[in-house]
Amino acid sequence: MDQPLLGPARHGHRVRDGPPRPRPRPHGRVRHAVTGRSWLMGPELRRRGITRLARDGWGAGRSVWDGDVGERELVVEQLVVRVERAPVHVARVLGLEAGADVLARGRRFVLDGKPVLLASSYFPADLVAGSAITRDDTGPGGSYARLAELGHGPVRFREEIRSRMPTQDEAARLGLGSGTSVVLICRTAFGADGRAVEVNEMTLDSAAYVLEYDFEA
């Protein structure tokens, strides 16, 4: 049976007077109340959760982001690639022993000058050793295309979704204003043998996204 990734809720900032009231999404230039940084607020980013992961996309050398961003400018910042001990919950999902090594890829995605997503991906270190997944640039099609070259291309994905208020670090890195929540998406990729080959923990600016799931009955 697949091991679920999301555990008990981990709270960020406290909301003393209940949840924030829905507010219209601003347009034009927006300034962060604490950092003073400003950016142009564009339309929501529509994340098509099923079609973006289709093999005919990354298998043909396209990024999973291509269908989301269109002609908008997407920049990857704060990239960290390193071997480290697997967090306990990640080791459990990947079927690793406690304290086993994983290849971790951390990064921040910035759309039209505004941070929208933080992501940390974890791969079994022995599975991807010496591959392009260990480099800053994973090449056309990204990590999933490289896993396929290694004989472990994903054939199935599972995503778990939850929302909460951000931690102080998340709010700072995403440039969030007061009262803005984050969406957590934890994705597990599975190979043909049923083995989990990647865990990707994502933190989204809830005000920046529309999550779309289009599937047949």
Side-chain angles (χ1 to χ4, degrees), residues 1-8 10 47 49-68 74-110 117-162 167 169-170 173 182-204:
M1 180 179 296
D2 296 346
Q3 291 287 342
L5 185 59
L6 289 179
R10 178 169 59 90
R47 182 184 187 275
I50 295 177
T51 57
R52 72 195 305 269
L53 295 174
R55 188 185 184 97
D56 59 4
W58 52 262
R62 295 191 295 272
S63 167
V64 297
W65 282 85
D66 284 355
D68 298 345
L74 180 70
V75 176
V76 180
E77 296 181 346
Q78 301 180 1
L79 177 63
V80 177
V81 182
R82 65 188 179 194
V83 174
E84 63 184 39
R85 287 190 176 182
V88 173
H89 64 289
V90 171
R92 173 171 51 83
V93 174
L94 291 176
L96 302 176
E97 297 291 335
D101 285 344
V102 290
L103 189 282
R105 298 181 59 88
R107 59 261 193 228
R108 179 175 75 168
F109 294 88
V110 179
L117 181 144
L118 309 174
S120 295
S121 297
Y122 302 93
F123 305 85
D126 60 348
L127 186 73
V128 301
S131 74
I133 296 175
T134 65
R135 307 170 191 162
D136 288 357
D137 184 357
T138 56
S143 296
Y144 296 147
R146 304 292 78 77
L147 283 170
E149 293 170 353
L150 294 171
H152 297 282
V155 301
R156 181 170 65 90
F157 296 93
R158 180 187 65 222
E159 289 193 342
E160 302 169 81
I161 302 174
R162 186 170 68 201
T167 64
D169 178 68
E170 291 166 346
R173 294 182 65 194
V182 291
V183 175
L184 308 180
I185 301 180
C186 298
R187 181 170 69 233
T188 306
F190 298 90
D193 60 357
R195 178 185 182 183
V197 294
E198 182 222 24
V199 169
N200 189 342
E201 297 184 317
M202 294 163 275
T203 303
L204 290 64

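All values below come from the heavy atoms of this structure, side chains included, with hydrogens, waters and symmetry mates left out.
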| request: Taking all non-hydrogen atoms of both residues into account, name the closest pair between Ala119 and Leu117 and its distance. | output: CB-CD2, 3.6 Å

| task | Evaluate the side-chain proximity of Tyr144 to Arg55: yes if any heavy-atom separation is below 4.5 Å, no if none is. | result | no

| With side chains defined as the heavy atoms from C-beta onward, is the minimum distance between Val102 and Val83 less than 4.5 Å? | no

| query | Which atom pair, heavy atoms only, marks the closest approach of Gly130 to Arg135? | reply | O-NH2, 4.5 Å

| Side-chain heavy-atom pair Met202, Leu184 within 4.5 angstrom cut-off | no

| request: For residues Leu94 and Ala196, report the shortest heavy-atom separation together with the two atoms involved. | output: CD2-O, 3.6 Å

| said: Does any part of the side chain of Thr134, heavy atoms only, come nearer than 4.5 Å to the side chain of Arg105, both counted from C-beta? | reply: no

| query | Got a salt bridge between Asp101 and Arg85, using NZ or NE/NH1/NH2 to carboxylate O under 4.0 Å? | reply | no

| Using a distance-only test with no angle check, is there a side-chain donor-acceptor pair under 3.5 angstrom linking Glu198 and His152? | no

| query | Quick one: are Gln78 and Arg173 in side-chain contact, heavy atoms under 4.5 Å? | reply | yes

In residues 57-65, what donor-acceptor pairs under 3.5 Å come from side-chain atoms, sequence neighbours left out?
| unit_1 | atom_1 | unit_2 | atom_2 | d |
| --- | --- | --- | --- | --- |
| Trp58 | NE1 | Leu53 | O | 3.0 |
| Arg62 | NH2 | Asp56 | O | 2.8 |
| Ser63 | OG | Trp65 | N | 3.0 |

| said: What I'd like to find out is whether the side chain of Phe109 reaches to under 4.5 Å of the side chain of Arg107, using heavy atoms alone. | reply: yes

| task | Identify the heavy atoms of Cys186 and Glu201 that sit nearest to each other, and give their distance. | result | SG-CG, 4.3 Å

| Are any of the side-chain heavy atoms of Leu103 and Tyr122 separated by less than 4.5 Å? | no

| Criterion side-chain contact (heavy atoms from CB on, under 4.5 Å) on Ile185 and Leu204, from CA distance to verdict | CA-CA 8 Å; Ile185 301 180; Leu204 290 64; 3.9 Å; yes

| Would you say Phe123 and Leu147 make side-chain contact, with heavy atoms under 4.5 Å? | yes

| request: For side-chain contact (heavy atoms from CB on, under 4.5 Å), just list the numbers for Val110 and Leu74, CA-CA rounded to whole Å, side-chain angles, deciding distance to a tenth of an Å, and then say yes or no. | output: CA-CA 6 Å; Val110 179; Leu74 180 70; over 6 Å; no

| Salt-bridged, Arg47 to Glu159, with N to O below 4.0 Å? | yes

| query | Salt bridge between Arg158 and Glu160, side-chain N to carboxylate O under 4.0 Å? | reply | yes

| request: Test Val128 against Arg146 for side-chain contact (heavy atoms from CB on, under 4.5 Å), laying out the working first. | output: CA-CA 9 Å; Val128 301; Arg146 304 292 78 77; over 6 Å; no

